[in-house]
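Shown next, in structure tokens, is the structure this report addresses.
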There are 2 protein chains.
Amino acid sequence: MTQDLQQHAFRALADPTRRQILALLAQREMTIAEVAGHFDMTRAAVKKHLSILHDGALIETRAEGRTRVNALRPDGLKSVANWLGAFDIFWDERLAALKSAIEKDIQ
Amino acid sequence: MTQDLQQHAFRALADPTRRQILALLAQREMTIAEVAGHFDMTRAAVKKHLSILHDGALIETRAEGRTRVNALRPDGLKSVANWLGAFDIFWDERLAALKSAIEKDIQ
DNA sequence: GAGTTGTGATACCTTTTGGTATCTCTTTTC
DNA sequence: GAAAAGAGATACCAAAAGGTATCACAACTC
């Protein structure tokens, strides 16, 4: 369930174009055509990327007349961040160990 | 450069098997055979996953006799976490807005 | 030193992915 | 209401991804 959503989110983030799209949408909401204007590919290709981002719950789409506005979603990246959070303690530990090992080496 | 490494890290995290491997290695270091024992696939397939994790700087490998021990790397996930961190302000803002909107709706 | 065990490397197959081209539908605009 | 503009849907193609099978190599064990 949520597991599946998380998988979709991770998959969505795997493509550099999609991460760029997220960065764009972080600045302001955009229609498909506006997003496509920033890339050297067809609108259809951009639409596919947006669909994948939508599947990962990373963006939401709102109809506005004949255009559709895409915006970031506040909860999508959270599930990814939460997964990474499980490793926080580990990283802090290891980085601290590394730091002290280096300091020991300097002396 | 670092951009490329980040791309490899995101790509490495896109596969659920690889995320499981990271979770396993967070508990303790393991040889390839040990990791493969946790999955229903050939050792060769697991080796491929480990190579991709290695490309993303998420694990490191140390030769020990005729075995090779795989361990988590303290800096790999950091680059992913840092990228996500750029959105933190945005998410907090949006989530707060969502929360107040809901509260307003209840009243 | 011969057999066994843990890995690495390669070739190959199937499915998924990223992309284009094209057609249709809906909503403006005149 | 007819033409134009924004977007969705589908078919199709090339490349990448995930997997197996198989061979070669290094290092223990006896």
Taking 4.0 Å as the cut-off, does a side-chain nitrogen or oxygen of [X] come that near to OP1 or OP2 on [N]?
{"X": "A:Arg18", "N": "C:dG18", "result": "yes"}
{"X": "A:Arg66", "N": "C:dT29", "result": "no"}
{"X": "A:His49", "N": "C:dT17", "result": "no"}

How close or far is atom [atom2] of [N] from atom [atom1] of [X], stated in whole angstroms?
{"X": "A:Leu50", "N": "D:dA7", "atom1": "CG", "atom2": "P", "result": "10 Å"}
{"X": "A:Glu64", "N": "C:dT28", "atom1": "CD", "atom2": "C1'", "result": "14 Å"}
{"X": "B:Leu53", "N": "D:dA17", "atom1": "CG", "atom2": "C1'", "result": "14 Å"}
{"X": "A:Lys47", "N": "C:dC23", "atom1": "NZ", "atom2": "C1'", "result": "16 Å"}
{"X": "B:Ile32", "N": "C:dT5", "atom1": "CD1", "atom2": "P", "result": "17 Å"}
{"X": "A:Asn70", "N": "D:dG6", "atom1": "CG", "atom2": "C1'", "result": "12 Å"}
{"X": "B:Asp15", "N": "D:dA16", "atom1": "CG", "atom2": "P", "result": "18 Å"}
{"X": "B:Lys48", "N": "D:dA16", "atom1": "NZ", "atom2": "C1'", "result": "11 Å"}

TODO: May I have the step-by-step check of salt bridge (charged side-chain N to carboxylate O under 4.0 Å, His left out) for A:Glu60 and A:Arg62, ending in yes or no?
DONE: CA-CA 7 Å; A:Glu60 60 193 356; A:Arg62 157 181 105 252; over 6 Å; no

Task: A:Ala44 or B:Arg43, whichever maps to the more 5' nucleotide of DNA chain C - done: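 By nearest-heavy-atom nucleotide position, the 5'-most residue is B:Arg43.
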
Task: Comparing A:Ile52 and A:Gly65 on DNA chain C - which has the more 5′ nearest nucleotide - done: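 Here A:Ile52 is the residue nearer the 5' end.
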
To the nearest 0.5 angstrom, please state how far the [atom1] atom of [X] sits from the [atom2] atom of [Y].
{"X": "A:His38", "Y": "A:Ile21", "atom1": "NE2", "atom2": "CD1", "value": "11.0 Å"}
{"X": "A:Arg73", "Y": "A:Thr61", "atom1": "CZ", "atom2": "OG1", "value": "10.0 Å"}
{"X": "A:Lys48", "Y": "A:Asp15", "atom1": "NZ", "atom2": "CG", "value": "12.0 Å"}

TODO: Indicate, with a heavy-atom threshold strictly under 4.0 Å, whether A:Ala33 touches base, sugar-phosphate, or nothing.
DONE: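 Result for A:Ala33 = sugar-phosphate.
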
I want to verify a distance call: between [options], whose nearest atom is closest to the [X] side chain?
{"X": "A:Arg68", "options": "D:dG18, D:dG8, C:dT7", "result": "D:dG8"}
{"X": "B:Thr42", "options": "C:dG19, D:dT20, C:dT20", "result": "D:dT20"}
{"X": "A:Thr67", "options": "C:dT7, D:dA7, D:dA5", "result": "D:dA7"}
{"X": "B:Arg11", "options": "C:dG18, D:dG18, C:dG8", "result": "D:dG18"}
{"X": "B:Ala45", "options": "C:dG8, D:dG18, D:dT20", "result": "D:dT20"}

- [ ] Would you kindly compare A:Val69 and B:Ala14 by the position of their nearest DNA chain D nucleotide and give the one closer to the 5′ end?
- [x]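 Nearest-nucleotide comparison on DNA chain D picks A:Val69.
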
Open item on the list: Hydrophobic clusters here meaning ILVMFWY residues chained together by side-chain heavy-atom distances under 4.5 Å, can you tell me if B:Ile52 and A:Trp83 are in one?
Closed with: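 Not linked; separate clusters.
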
